[in-house]
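By convention in this document, chain letters (A, B, ...) are assigned in the order of the sequence lines, proteins followed by strands, and residues within each chain are numbered from 1. The figures that follow rest on heavy atoms only: side chains count, while hydrogens, waters and symmetry mates do not.
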Amino acid sequence: MLSLNEQMDIINRGNKEIISEDELAGKIESSIQTGIPLTVKWGADPSAPDIHLGHTVSIRKLGQFQNLGHRVVFIIGDFTAMIGDPSGKTIARKHLSRQQVMQNAETYKQQIFRILDPEKTVVEFNSRWCNALSFEEILNLTSKYTIARMLERDDFENRYRTGQPITIMEFLYPLIQGYDSVALKADIELGGTDQKFNLLVARDIQREYGQIPQVVITMPLLVGTDGTQKMSKSLGNYIALDDPPEQMYGKTMSVPDELIYPYFELLTDVTGEELEQIKKLLADPKCNPMELKKQLAKRLVTMYYDPQKAETAEREFDTIFRKKETPEQMSVHRLSANLLWVIKLLTEVKFASSNSEARRLVQQGAVSIDGTRISDPELTIKFKGGEVLKVGKKKFVSLEIGC
RNA sequence: GGAGGGGUUCCCGAGUGGCCAAAGGGGGCAGACUGUAAAUCUGUUGGCGACGCCUUCGGAGGUUCGAAUCCUCCCCCCUCCA
């Protein structure tokens, strides 16, 4: 096991805030003395199994804890999912079946184990202890926190002030998450800065239950591909771990230039010196940021796939977007007939969800076949096979005759 | 329990009898521009083989030649008083 200072150095890198560093040092010290690893908690909602780069900011930090010999517990909040984290607008949550939860959990594991060591990761479902709680115990839990303190939470305060509904059930969310820490006797809990409130509540709850409060480590929120809002699945501005290489590469390239630096910092293992270098280059007007972004995109694809796939992805990107040519590889669609109305064609290959949308695309000049723009929405085309249909900038399909 | 305010398209939000498939903004999509992007500009944004028709403004009825708009009942949300 590494010394206190060495451990602190590693943990300190890239986080937003540690509450508190002194407590953390104390815990690490006693762990070194006793040889007992610290329990590091991290939780996730089971309803959204698409892990994206935003999550990896925390997951990578967990990986560091594992390397330091500590015990990482990944909690799947199947119980809390019934409530839904009150941060969003989504109030009514659909109840997930046991089977769905298990399925999502599997998907989760598959993804996080691309970063974490499966041997060293404990996976828990919080329904295990939550379902066992009696009403009396729940009342007891609710007696440990006040409305005033709940309303300190930004979302709650906001919604309360602007006249948005808040249910009592939502107040339970932070309490249950806190109770999870009690059940696990968590030493440390990791989360995004948006989780700070919940993580801090857990400290109070643990104290109420006679435990030493967990150390809270918040990680910066990754800005999504739109360059403004945090990366999230519901906003659609995310790069998923499961995105195929070309997509991972392409999405990274579509990120605003300002994100190049934070992405290198939070998502890759580049050293401090390299980061400095990147910062310098970005400030240099002679340097084309595209080159750095390509490095970033390639690096990410290499991390989650391999160098060859990264190479291919880069080549394809250059072909489509820089040279504006057709990609080498594209999916093939077998036409239902060899004489087809353009509108029908677009809906058939699912590049448009309705005839109206298809018409719009044609009228806007988004549609071309073998490089020739189609502008007449009434056109019927005769195919002989091998044609390439392009819609917009990035949708391609190769057409073949027959089903 | 009482009094008042409100529910409109993906989101926010205007509209209080026909000119309403519904202003404006956001987002999305497309086009132009560009060193990839972003930004910007322009267009578009319910459906239908389509210059006409069908469905939409919390739900169900009703008034009317005609309803997002008026009436009745119901559901939901918010505020204040208790």
Side-chain angles (χ1 to χ4, degrees), chain A residues 88-92 151 156-170 223-230 232-239 246-264 278 281-282 284-301 310 313-325 327 336-337 339-348 350-368 373-381 389-396:
Chain A
K89 311 158 192 170
T90 20
I91 294 156
L151 286 174
F156 286 147
E157 204 264 317
N158 234 322
R159 281 161 64 189
Y160 190 66
R161 201 164 28 76
T162 59
Q164 300 295 306
I166 303 169
T167 66
I168 307 262
M169 182 172 83
E170 292 178 88
V223 176
T225 54
D226 61 347
T228 48
Q229 288 178 286
K230 72 161 184 172
S232 88
K233 194 182 178 185
S234 53
L235 291 171
N237 60 353
Y238 68 109
I239 302 174
E246 305 77 44
Q247 234 181 72
M248 193 179 266
Y249 190 97
K251 282 187 185 178
T252 307
M253 289 306 287
S254 77
V255 144
D257 291 349
E258 298 78 66
L259 292 184
I260 296 175
Y261 183 83
Y263 272 34
F264 265 115
I278 290 164
L281 285 170
L282 283 169
D284 184 353
K286 285 200 295 281
C287 162
N288 182 354
M290 181 181 72
E291 291 307 324
L292 284 170
K293 212 192 292 184
K294 284 172 73 172
Q295 280 177 34
L296 171 70
K298 208 162 161 182
R299 193 155 191 145
L300 289 172
V301 178
E314 178 162 285
R315 225 177 318 121
E316 184 166 312
F317 182 86
D318 281 351
T319 311
I320 299 176
F321 294 99
R322 302 190 56 211
K323 302 187 195 139
K324 304 216 192 305
E325 291 166 4
S336 58
L339 203 63
L340 212 58
W341 179 33
V342 222
I343 304 304
K344 186 84 198 313
L345 171 70
L346 292 180
T347 53
E348 188 175 303
K350 301 229 160 54
F351 282 172
S353 59
S354 67
N355 286 6
S356 301
E357 192 186 332
R359 268 170 199 279
R360 257 175 250 135
L361 288 169
V362 172
Q363 274 153 8
Q364 289 174 145
V367 180
S368 66
R373 183 174 283 187
I374 309 289
S375 51
D376 177 12
E378 301 306 328
L379 194 69
T380 298
I381 304 157
L389 171 69
K390 181 186 180 192
V391 175
K393 285 191 178 68
K394 48 195 163 200
K395 283 185 275 197
F396 293 91

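Counting non-hydrogen atoms under 4.0 angstrom, A:G392 reaches the backbone sugars and phosphates but no base.
With rounding to whole Å, A:K251 atom NZ is found 15 Å from B:A38 atom P. Per the geometry, CD belonging to A:E378 stands 14 Å off P belonging to B:C48, to the nearest Å. With rounding to whole Å, A:Q229 atom CD is found 10 Å from B:G26 atom C1'. Separating the CD atom of A:Q363 from the C1' atom of B:A50 is a distance of 11 Å, rounded to the nearest angstrom. One can place CZ of A:R322 at 7 Å from P of B:U36, the figure rounded to the nearest angstrom. Atom NZ in A:K390 sits about 7 Å away from atom P in B:G31, given to the nearest Å. Rounded to an integer number of Å, the gap from A:E291 CD to B:G35 P is 13 Å. Whole-Å rounding puts the A:F321 CZ to B:G31 P distance at 11 Å.
Across the strands present, B:G43 finds its partner in B:C29; the criterion is a Watson-Crick or G-U wobble pair with both atom distances under 3.5 angstrom. Nucleotide B:G1: paired with B:C81 (Watson-Crick or G-U wobble, both distances less than 3.5 Å). The base-pairing partner of B:C73, taking Watson-Crick or G-U wobble contacts with both distances under 3.5 Å, is B:G59. Both distances falling under 3.5 Å, in either a Watson-Crick or a G-U wobble arrangement, occur for no nucleotide opposite B:A22. Figure legend. B:U9 is base-paired to no nucleotide; pairs are counted as Watson-Crick or G-U wobble with both atom distances under 3.5 Å. Taking a pair to require two hydrogen-bonding distances under 3.5 Å in either a Watson-Crick or a G-U wobble arrangement, B:U36 remains unpaired. Look at B:C51: it lacks any Watson-Crick or wobble partner with both distances under 3.5 angstrom.
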Close N/O contacts between protein and nucleotides 39-47 of chain B (under 3.5 Å):
from, atom 1, to, atom 2, distance (Å)
B:G43, N2, A:Q364, OE1, 2.7
B:G43, N3, A:Q364, OE1, 3.4
B:U44, O4', A:Q364, OE1, 3.3
B:G47, OP1, A:S354, OG, 2.8
B:G47, OP2, A:R360, NH2, 2.6

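The closest side-chain heavy-atom distance from A:I320 to A:F396 is below 4.5 Å.
A distance of 6.0 Å or more separates the ring centres of A:Y160 and A:F156.
Mapped onto RNA chain B by nearest heavy atom, A:K394 and A:F317 fall at different nucleotides, with A:K394 at the one closer to the 5' end. Nearest-nucleotide positions on RNA chain B for A:T380 and A:K293 put A:K293 closer to the 5' end.
Taking atom C1' on both nucleotides, B:U63 is separated from B:C73 by 15 Å, rounded to a whole Å. Separation of the P atoms belonging to B:U64 and B:C80 is 43 Å when rounded to the nearest angstrom. Comparing the P positions of B:U69 and B:C19 gives an interatomic distance of 14 Å, to the nearest angstrom. If you take atom C1' in B:G59 and the same atom in B:U40, they sit 45 Å apart, rounded to whole Å. Rounded to the nearest Å, the gap between the C1' atom of B:G24 and that of B:U72 is 34 Å. Only the C1' atoms considered, B:C57 is 5 Å distant from B:A68, to the nearest whole Å. Nucleotides B:U34 and B:C20 place their P atoms 40 Å apart, quoted to the nearest Å. B:A23 and B:A14: their P atoms are spaced 14 Å apart (whole Å).
Looking at every heavy atom in both residues, A:I343 comes nearest to A:A358 through CG2-CB, 3.8 Å. Among all heavy-atom pairs drawn from A:D257 and A:P289, the shortest one is OD2-CG, 3.4 Å.
Side-chain atoms of A:Q363 and A:S375 include no donor-acceptor pair closer than 3.5 Å.
Figure legend: A:K293 and A:Y263 shown without cation-pi pairing, the cationic atom not lying both under 6.0 angstrom from the six-membered ring centre and within 45 degrees of its axis. Figure legend: cation-pi geometry between A:K395 and A:F351, with NZ or CZ positioned under 6.0 Å from the six-membered ring centre and within 45° of its axis.
If you take CD on A:Q247 and OG on A:S254, they are separated by 10.5 Å, rounding to the nearest 0.5 Å. Atom-to-atom distance recorded for A:M253:CE and A:E314:CD is 8.0 Å, nearest 0.5 angstrom.
The closest donor-acceptor contact from the side chain of A:D318 to the backbone of A:K323 lies at 3.5 Å or more, if one exists at all.
Counting only heavy atoms from C-beta on, A:R359 has its side chain closest to B:A50 among B:G31, B:A50, B:U36. Residue A:M290 places its side chain closer to B:U36 than to any other of B:A30, B:U36, B:A32. Here the side chain of A:L361 is nearest to one of B:C29, B:C77, B:A37, namely B:C29. For A:K393, taking side-chain heavy atoms from C-beta onward, the closest of the listed nucleotides B:A37, B:U79, B:G31 is B:G31.
A donor-acceptor contact under 3.5 Å is formed by the side chain of A:D257 with the base of B:U36.
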